[in-house]
Amino acid sequence: MNTHPEREINIEVPVMVRLEGEGALSFQASNGKVEQLHLRIYEPPRLFEEFLVGRNYTDVPTITARICGICPIAYQMTSILALEKLFDVEPGPWVYDMRRLLYCGEWLQSHALHIHLLAAPDFLGFDNAIDMAEDHPETVTRGMRLQALGNEILRLLGGRSVHPIGLKVGGFHKAPSVDAAQSLLKKCEAALDDVRQLVAWCAQLNLPEDQQQFTSVAIHNENEYAIMPGRLRSDAGLNIGFNQYADNFAEEQVPHSTAFYSRLNGHSYFLGPLARVNLNFSQLPGSVKAWAEAQGLKFPSADMFHNVVARAIECHYALEESIRILKAYQLPESPFVEVVPKAGVGEFCTEAPRGMIYHRYQVDASGSIRAATIIPPTSQNQLRIEENLKSSVERFGLNHTDDELRLFCEKIIRNYDPCISCSVHFLKLDVDRC
Amino acid sequence: MKPRVAVHKFASCSGCQLAFINMGEDLITLTELVDIVHFPEAGPLGPEDAVDIAFIEGSVTTPEDVDRLKGIREHCGYLVTMGACATSGGIQALKNNADSDAWLKSVYAKPEYVESLSTSAAISRHVAVDFELWGCPVNVRQISWVVRQLLTGVEPVDANEKVCAECKRKNTVCVLVSKGEPCMGPVTRTGCGALCPSFGTACYACYGPAEGINTEALGQRFIGLGLQPAAIAQKFHMINNAADEFDSAGKSWAAKQEVSNEHSS
């Protein structure tokens, strides 16, 4: 086994496993120096923003959902909120709560899937969750139970968990029956022990330590742990409205990726569960905070592997928030409000499972889309992931075998839970740049 | 020996693969019945391994895709497409009727970095397909069903009846008749459980064309509801826009809009 740190290192992983979508790792070093270390995103572009042009606004949530099968709610919800902002539509508290419930369902299913099926094999030393299930059956089935519960929350309001059909600009097509809500409430209450065990289990995982310097960015809402409305904040002092996004964030194209790099005032930044927990931990309900603290967890944290722990804490939160909303469930007079389109530009951000997502739509007076911009979290995180890779590999040392280096890099990338399918469907319509 | 199964991905949202992952504990049962030798998102990697059944998600959009697909066909016994992208080219096939080079240029400052065919094609445009599962997305029930059929040595039957039949069986009130919603159910194949009408809203044809459909008559019915021909064209040119019946219906209604524009100008 060659572990000489000054050897020629050339590691190519053409298909990284346990990622959402297709990404590759490309790593070259010589004379003890890292020359290139990229997460290569090669999934072909699907040109979504172009499909939206000329469509009626009512088609937008249906089309944007197809960008990602793992987090379609993030796309539907952000597009709906951007359009409602433009049209001055206020659907009221019932719709607000139901949207929060739905988003909690998406967080729960996406986080539970990532922790148990994609990340846990890295930390317990298995190639995949199917192999892991033989030695750790309870861990794998807990993940599947929580993911299934998240999907069930999605189905209550969305009809199905992948590409839900229940949402529209103005609210929902149909209100669930009180019986359906009560039956789901019982299942959520029965899962509380599972999420608490999940947080405790993540807290005692033998995680690699990875202290990093990074700027966390997340939505902050004064009244609650932010998922949808609020302001964009960072731990470096950013505090802006969603309509100032374009003044502060910029994207550029690079040769090794069909996704774009994003920078916040010229620098990389970090989105996702750990960024949210770092910025908004104090707003979590007492029961969620106390349970996390009882496991010895402290935030803010600069250890990037706490991202998996933050994901578990958000599973706990998503479940408690779902219970709170379901307990108060009543039938509305109407599950939606009427919408009258108008010309202009609407922008919004929400917190997708993997971090903040930005949508902007230009609409004409008939309600037809003239231009669209969609910036998902993974393309915003790509620069941060590569910086993390470089600094961590330097600290880890090149005096490891190629296999050890490869696995180390893969763990770092997977820890961000990048969604490659999302990131390449972000396509900015900006004719001036060609 | 257990039958060997592979799950491959091309251009897609990854949502159809979730029909495996969303099986929950049944996924464990599935792994007792078959060997999953290739499924990158879940972990197993063996793209070139010989398998009995290959499931394919996604559409063909790059030159490499074509080569990879031919390799998959050579190494598998039975090939199943899952979902709209693999079966009809998916929503991204909307670029087939547009100037996709201009689109790439409008989106990427350096389009030369991006290798892409000008079309998004169904798997069957490039290799022989043994069975097609329609839907955007396909669901757990469809996948479990096709696996069960194949394991017992039965050729799966194509479920190509219309959404309308499903609504009748479920006693769902017709949204086209009762609310005047422009529902695509009369031309769309079943499989979703007639979900949208059960939520009181119009079907948008995410399961693709049913057998023996009359797209002209449905379009005329929509004209009666007050829709413009261009809006009808967009209803066909949606998720399964490149499916033959929807492609030609969409083009036919788009042409009618042009005629109508000429008359009014």
Top residue by heavy-atom pair count (under 4.5 Å) with chain A, among [options]?
{"options": "B/Asn22, B/Ile28, B/Asn139, B/Leu27", "value": "B/Asn22"}
{"options": "B/Gly58, B/Gly15, B/Ala231, B/Pro137", "value": "B/Pro137"}
{"options": "B/Cys136, B/Pro47, B/Gly200", "value": "B/Cys136"}

Heavy-atom side-chain contact between B/Ile91 and A/Phe48 under 4.5 Å: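 When only atoms from C-beta onward are counted, A/Phe48 and B/Ile91 do touch, with a gap below 4.5 Å.
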Close side-chain approach of B/Ile21 and A/Gln147, heavy atoms under 4.5 Å: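 Yes, their side chains come closer than 4.5 Å.
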Check: A/Lys174 side chain, B/Ser198 main-chain N or O, donor-acceptor pair, under 3.5 Å: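 A pair under 3.5 Å: yes.
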Over all atoms of both residues, closest heavy-atom pair of [X] and [Y]:
{"X": "B/Gln234", "Y": "A/Arg55", "result": "O-NH1, 3.1 Å"}
{"X": "B/Ile239", "Y": "A/Arg66", "result": "CD1-NE, 3.4 Å"}
{"X": "B/Leu195", "Y": "A/Gly159", "result": "CD2-O, 3.7 Å"}

Audit row: B/Met238, A/Ile63, side chain to side chain contact (heavy atoms under 4.5 Å, CB included) steps and yes/no: CA-CA 8 Å; B/Met238 189 68 169; A/Ile63 293 175; 3.6 Å; yes
Say you draw a straight line from [atom1] of [X] to [atom2] of [Y]; how long is it, rounded to the nearest 0.5 Å?
{"X": "A/Asn128", "Y": "B/Leu45", "atom1": "CG", "atom2": "CG", "result": "10.5 Å"}
{"X": "B/Glu41", "Y": "A/Leu113", "atom1": "CD", "atom2": "CG", "result": "7.0 Å"}
{"X": "A/Ile70", "Y": "B/Cys13", "atom1": "CD1", "atom2": "SG", "result": "7.5 Å"}
{"X": "A/Phe336", "Y": "B/Thr201", "atom1": "CZ", "atom2": "OG1", "result": "9.5 Å"}
{"X": "B/Cys192", "Y": "A/His163", "atom1": "SG", "atom2": "NE2", "result": "13.5 Å"}

Which bit of [X] comes within less than 4.5 Å of chain B, counting heavy atoms only: side chain, backbone, both or neither?
{"X": "A/Ala129", "answer": "backbone"}
{"X": "A/Arg160", "answer": "both"}
{"X": "A/Leu157", "answer": "backbone"}

Contact leader toward chain B among A/Asp127, A/Thr62, A/Leu117, where contacts are heavy-atom pairs under 4.5 Å: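 Option with the greatest count: A/Thr62.
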More than 12 heavy atoms of other groups within 6.0 Å of B/Glu32 CD: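 Counting neighbours around CD of B/Glu32, more than 12 heavy atoms of other residues, nucleotides or ligands fall under 6.0 Å, so yes.
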Under 4.5 Å from a heavy atom of chain A, the part of B/Tyr204 involved: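 Interface part for B/Tyr204: side chain.
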